[in-house]
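Quick notes on the structure that follows.
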Amino acid sequence: MHTPNLTSTPDIVVVGGGIGGLSTAFALSRLGLRVRVLEQAGQFGEVGAGIQLAPNCTRILDDYGLLDTAKARGVVPDRMVMRDAVDGSELTSLDLRDLERRYGFPYLVIHRSDLHALLLDACRDAGVDLRTEQRVVAYTQDAEKATATTQDGTFHTADVVIAADGLHSVARGLFLDDRPVSSAYVAYRGTVPVAGAGRPVDLSEVVVHVGPRCHFVHYGLRGGDLLNQVAVFESPKAVAGLDDWGTPDELDTAFERTCQDVRAGLPHMWRDKWWRMYDRDPIDTWVDGRIALLGDAAHPPLQYMAQGAIMAIEDGWVLAEHAKRLRANDGTIDWARTLAAYAAVRPEHCRRVVLTARAWGELWHLDGRQRERRNVLLRSRAVHDYSFTDWIYGPTALFPEDEPAMFEPIPLASADRITASPVRTC
Ligand SMILES: Cc1cc2nc3c(=O)[nH]c(=O)nc-3n(C[C@H](O)[C@H](O)[C@H](O)COP(=O)(O)OP(=O)(O)OC[C@H]3O[C@@H](n4cnc5c(N)ncnc54)[C@H](O)[C@@H]3O)c2cc1C
């Protein structure tokens with residue numbers, strides 16, 4: 001274990017100690033860089049319950065030497081199943097063991113706090129300088145350095161500042177004056193010991209029940225001890241423009257038409273906290289000089305593709321891979337080229353995920369005849385048809401396909417063939 005040198009000037013400052021910030025800090029520290037993380041909260045941690053990690057993420061965890069621990073703390077399910085929320089019938093599924101063979105890495109579900117703790121421990125062991133109660137309020141830079149300034153007026157100067165400060169990113173204001181886009185949907189989460197779930201559940205499956213204007217997800221956590229459940233619905237109060245939206249009375253009403261399996265899960269949702277679902281319109285520019293956006297700060301999605309945290313982890317891995325390739329023999333890194341490479345490869349992929357997630361949500365939440373048509377289409381899909389997943393679960397692209405002359409290209413699997421997997425849940 002390395003001890004951070006708290007007085008030395010860091011090479012990199014990362015703003016935000018969420019999954020994106022910590023995974024990026026770890027990736028860069030593996031290059032021998034001095035990395036400082038500034039987190040506004042009083043302690044590092046994650047709020048929420050489960051998270052799904054597809055092969056495009058577990059591949060990176062494996063590269064970091066963290067996959068075996070993640071698997072031990074989570075669950076590796078056999079199947080992902082989409083069901084109709086009204087009649088409970090199966091619509092389509094993914095064979096996750098076959099999926100693992102195809103992409104080389106498993107599909108894993110894990111408690112957010114376990115994933116976060118894994119990354120935090122890795123950062124500590126790598127000697128990352130981890131600081132809490134550090135709210136960054138301003139960014140400045142010149143040709144040589146960038147600086148993040150905290151609320152108490154302290155300057156944190158480094159070669160590069162990475163802003164991984166989430167949906168409400170302060171740094172994003174450097175790039176444009178946009179706002180989070182409300183979907184009018186809200187998520188309730190909850191975990192319950194499997195024995196107290198009130199119904200038999202098969203933890204070898206990740207299950208999503210879809211529509212109308214709602215969906216319900218469940219899967220196991222912590223080696224199968226815990227059941228994770230997520231209930232998502234459109235809030236009539238949000239649609240009506242009221243401020244007080246997404247309240248528990250709306251939860252109960254939203255799921256009145258759903259099947260018994262779904263309704264049996266509702267009493268186990270936490271009712272004192274709920275998450276209103278926002279994304280932002282995609283942007284192409286994430287790098288300004290020596291300041292770069294990463295994770296939700298750059299591309300917050302609606303969660304329907306279950307790729308938000310994964311994209312953040314991919315961002316950090318791609319950034320570090322380019323830094324490694326552009327490191328001179330004396331250890332100095334060509335940051336201008338590194339950031340240019342990052343900016344060249346990541347925005348298009350993430351734009352596609354953000355927009356596909358919106359479309360995906362609309363498909364899930366259909367009602368009436370449209371719901372019936374959707375069900376016919378989904379039932380006709382062959383289980384082992386991967387044309388929907390190759391572009392997203394395949395190897396993370398390091399180079400843009402249209403710039404082979406700039407870098408030695410590693411092709412992203414069939415990037416333009418398909419739009420989305422029919423069974424991505426959150
Ligand atoms: C219901 C739901 C289910 C989801 N399921 C999945 C899933 O299955 N798979 C998946 O990949 N993704 C999923 N996501 C998305 C995922 O949670 C996010 O995309 C991901 O957590 C973003 O990570 P981040 O580190 O970029 O941002 P955040 O997690 O928001 O972290 C930002 C950090 O920065 C800190 N911060 C903010 N401002 C400042 C500041 N000014 N100064 C210092 N620190 C600051 C914050 O305190 C926080 O710690 C889901 C989201 C939801 C809502």
Side-chain angles (χ1 to χ4, degrees), residues 13-25 36-54 56-58 60 74 80 107-113 115-116 119-120 130-139 148-152 156 161-173 180 183 185-190 206 208 215 217 219 221 228-232 269-270 273-280 293-316 350 353-354 357 361 392 424-426:
V13 165
V14 175
V15 180
I19 289 167
L22 290 184
S23 59
T24 302
R36 178 176 298 167
V37 176
L38 303 174
E39 166 55 45
Q40 67 179 358
Q43 55 186 24
F44 288 97
E46 264 282 332
V47 186
I51 194 161
Q52 301 183 46
L53 302 178
N56 55 318
C57 181
T58 52
I60 294 175
M80 186 182 289
Y107 200 101
L108 171 69
V109 286
I110 187 169
H111 203 292
R112 274 166 187 270
S113 57
L115 175 65
H116 190 272
L119 295 168
L120 188 64
L130 296 159
R131 302 189 179 192
T132 52
E133 296 185 333
Q134 305 287 327
R135 176 165 170 72
V136 170
V137 293
Y139 295 81
T149 307
T150 45
Q151 204 161 24
D152 63 2
H156 298 266
V161 173
I162 311 288
D165 53 345
L167 173 69
H168 301 286
S169 168
V170 171
R172 191 168 167 118
S183 67
Y185 275 74
V186 60
Y188 279 69
R189 290 159 153 159
V206 174
V208 55
H215 72 263
V217 178
Y219 52 82
L221 294 174
N228 177 66
Q229 303 187 112
V230 188
V232 177
M269 309 313 297
W270 301 326
K273 183 165 179 52
W274 49 92
W275 285 262
R276 293 169 175 177
M277 314 304 327
Y278 294 87
D279 66 2
R280 289 198 194 234
L293 299 178
L294 184 142
D296 271 11
H299 45 73
L302 297 176
Q303 79 278 20
Y304 309 135
M305 302 275 291
Q307 285 282 320
I310 294 177
M311 285 192 287
I313 290 170
E314 286 181 320
D315 290 347
C350 296
V353 173
V354 168
I392 194 153
R424 193 83 30 63
T425 66
C426 61

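We count ligands from 1, going down the list as the structure has it; atoms in each ligand are counted the same way. Bear in mind the structure is a predicted one, so any value in this text is a computation, not a measurement.
- Taken from OG in Ser23 to CG in Leu115, the straight-line distance is 8.0 Å, to the nearest 0.5 Å.
- Here's the thing with Gly20: one of its N/O atoms is less than 3.5 angstrom from an N/O atom of ligand 1.
- Counting atoms of ligand 1 from 1 in the listed order, those under 4.0 Å from a heavy atom of Gln134 are 42 (N), 43 (C).
- In the vicinity of Gly295, heavy-atom distances shorter than 4.0 Å reach the ligand 1 atoms 26 (O).
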Can you list the steps and then say if Val109 with Asn228 is a side chain to side chain contact (heavy atoms under 4.5 Å, CB included)?
CA-CA 10 Å; Val109 286; Asn228 177 66; over 6 Å; no
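- For the pair Val15 and ligand 1, the shortest N or O to N or O distance does not fall below 3.5 Å.
- Below 3.5 Å of separation, one finds an N or O of Glu39 facing an N or O of ligand 1.
- Below 30°, between 30° and 60°, or above 60°: for Trp275 and Trp270 the angle between ring planes is between 30° and 60°, a tilted geometry.
- Considering backbone and side-chain N/O of Ile310, one or more are found under 3.5 Å from N/O of ligand 1.
- Residue contact check: Ala164 has heavy atoms under 4.0 Å from atoms 32 (C), 33 (C), 34 (O) of ligand 1.
- Closest heavy-atom approach to atom 26 (O) of ligand 1 within the set Val217, Val230, Val353, Asp296: this belongs to Asp296.
- The backbone N or O of Gln40 sits nowhere less than 3.5 Å from a side-chain atom of Arg135 that would complete a donor-acceptor pair.
- Not a single heavy atom of Met311 sits less than 4.0 Å from an atom of ligand 1.
- Below 4.0 Å from some heavy atom of Ile19 lie the following atoms of ligand 1, by number and element: 25 (O).
- Side-chain contact of Gln307 with Asn56: a donor-acceptor pair under 3.5 Å is present, judged by distance alone.
- Ligand-side atoms of ligand 1 in range of Met277: 53 (C), range being under 4.0 angstrom from any heavy atom.
- At distances below 3.5 Å, not a single donor-acceptor pair connects side-chain atoms of His168 with backbone N or O atoms of Pro180.
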Could you go through the side chain to side chain contact (heavy atoms under 4.5 Å, CB included) check for Val232 and Val217 one step at a time?
CA-CA 9 Å; Val232 177; Val217 178; over 6 Å; no
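- For ligand 1, the polar-atom distance check against Gln52 finds a nitrogen or oxygen pair separated by under 3.5 Å.
- In the candidate list Ala49, Gly17, Ala309, Ala309 is nearest to atom 11 (O) of ligand 1, counting heavy atoms.
- When each atom of ligand 1 is checked for a heavy atom of Leu38 under 4.0 Å away, the hits are 43 (C), 44 (N).
- Below 3.5 Å of separation, one finds no N or O of Leu167 facing any N or O of ligand 1.
- Contacts of Gln303 with ligand 1, taken as heavy-atom pairs under 4.0 Å, involve the side chain alone.
- Residue contacts with ligand 1 for Arg112 involve side-chain atoms from C-beta outward but no N, CA, C or O (heavy atoms, distance under 4.0 Å).
- Between the side chain of Tyr219 and the main chain of Ile51, a donor-acceptor pair closer than 3.5 Å is present.
- Close approach of ligand 1 to Arg189 (heavy-atom distance below 4.0 Å) involves ligand atoms 1 (C), 2 (C), 3 (C), 51 (C), 52 (C), 53 (C).
- Put simply, NE2 on His299 and CG on Leu167 are 12.0 Å apart, with the number rounded to the nearest 0.5 Å.
- A donor-acceptor pair under 3.5 Å links the side-chain atoms of Asp165 to the main chain of Val170, judged by distance alone.
- To the nearest 0.5 Å, atom CG of residue Leu38 and atom OG1 of residue Thr150 are 7.0 Å apart.
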